[in-house]
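Let me begin by presenting the structure, written as structure tokens, before commenting on it.
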Amino acid sequence: MSAEKQLLITGGAGFIGSHLAQACLERGHRVRILDNFATGLKKNLEGMEVDLVEGDIRDEALLAKIMKDVDGVFHLAALPSVPRSVKDPFASHDNNITGVLRVLIAARDAGAKMVFAGSSSAYGDTEVLPKREDMPVSPLSPYAVTKVAGEHYLKAFARVYGMPTAIVRYFNVFGPRQRNDSPYSGVIAKFCRAALEGEVCKIEGDGLQSRDFTYVADAARGTLLAMEKEVPGGEVINLAGGNRISLLDLVNSLSKFCGSQVRVEHGPDRPGDVKHSQADVSKALALLGFKTEFSFDEGLEKTLEWYRKEHPAPC
Ligand code: UD1
């Protein structure tokens with residue numbers, strides 16, 4: 001796909017979506033955003049020239065209207081969070097599975113390519129690390145089920161309608177603009193807030209669980225590449241650095257950047273949690289020429305700096 005396309009980002013006012021919008025604009029694309037502001041914020045788009053449509057991804061008529069001139073759709077809108085899906089599986093299903101199908105049908109009818117935000121949660125607790133795209137999926141939580149279902153829909157649409165589709169599996173994306181004000185916020189957002197406010201970081205379990213934490217600018221760049229590059233229909237691609245950082249490593253790095261030891265408290269393991277997550281990143285390199293540019297510590301330092309400016313506090 002050449003430059004200067006009309007692109008639609010569902011969930012574009014959200015954390016990853018707004019960074020993706022920025023990356024698209026920098027590449028000369030025109031950007032339309034559909035967001036219902038369930039978790040997104042208008043201020044995430046400050047200074048960006050985008051066509052912002054407020055609405056729901058399950059609104060069939062609205063989708064048909066805003067999809068007409070669109071060349072490519074990034075479907076990022078979703079209710080994130082494993083614990084949220086454990087508390088209210090129907091809401092996760094309705095937003096994430098019904099939502100992806102509605103957007104997919106509208107994109108197909110408009111002749112657009114679609115890139116879907118998949119999740120590393122699809123792998124579940126595999127013994128084997130790093131996790132390769134050809135491993136069987138094993139969703140452990142309702143959230144993971146919704147993301148796997150979305151992937152299957154994109155694969156099926158590629159097969160039965162010849163629709164160009166691609167799936168990027170995100171691995172615990174973090175960075176500026178990630179919400180830290182909800183019980184369902186990601187661990188880095190929560191721990192940055194706790195560290196800055198001199199509060200305790202509450203670790204679920206022993207803190208040895210690990211993640212392939214990915215800085216948001218890298219995730220956005222990889223997602224755009226999946227749209228711009230020709231990839232086989234329904235292809236699944238891990239987007240991550242290929243590293244494994246434990247929560248205890250995270251706390252150590254936070255302490256280093258704060259200049260004092262961050263306090264922690266341990267509680268029970270989280271139901272539906274995955275112990276270790278680490279991506280095999282060879283496919284992203286082979287198909288997209290993608291490699292992360294930010295180390296974990298570089299990303300964390302930038303993130304902490306951003307939260308410090310947003311919420312000036314002691315640390
Ligand atoms: C999962 C997906 C991720 C997806 C995200 C969407 C995996 C491996 N990752 O993230 O790709 O983007 O859902 O929501 O499935 N924790 C604490 N204290 C806290 C918060 C979290 O100890 O206050 C722990 C959790 O128990 C977990 C780890 O930190 O072990 C990461 O949790 P979280 O940031 O919520 O993300 P995942 O559930 O791993």
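Numbering of residues begins at 1 and proceeds along the displayed sequence. As the structure is a computational prediction, the values presented were derived from the model and not from experiment. Just so you know, ligand 1 is whichever comes first in the structure, and atom 1 is the first atom listed for that ligand.
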Within 45° of the six-membered ring axis of Y161 and under 6.0 Å from that ring's centre, is NZ or CZ of R108 located there?
-> yes
Mind running salt bridge (Lys or Arg N to Asp or Glu O under 4.0 Å) on E228 and K5 for me, showing each step along the way?
-> CA-CA 10 Å; E228 290 180 336; K5 295 287 179 188; over 6 Å; no
Who passes side-chain contact (heavy atoms from CB on, under 4.5 Å) against S138, sequence neighbours left out?
-> L140
In chain order, what residues pass the side-chain contact (heavy atoms from CB on, under 4.5 Å) check against L248, with sequence neighbours excluded?
->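 For L248 the side-chain contact (heavy atoms from CB on, under 4.5 Å) partners, ignoring immediate neighbours, are I203, L208, S246, H266.
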Would you call the rings of Y215 and F294 parallel, tilted or perpendicular if under 30° counts as parallel and over 60° as perpendicular?
-> tilted
So which protein residues pack against ligand 1 under 4.0 Å, heavy atoms counted?
-> P80, S81, V82, S119, S120, S121, Y143, Y170, N172, G186, V187, K190, F191, K202, I203, E204, Q209, R211, L247, R270, D273, S277
Residues 85-104 vs salt bridge (charged side-chain N to carboxylate O under 4.0 Å, His left out), sequence neighbours excluded, gives R58-D94, E60-R102
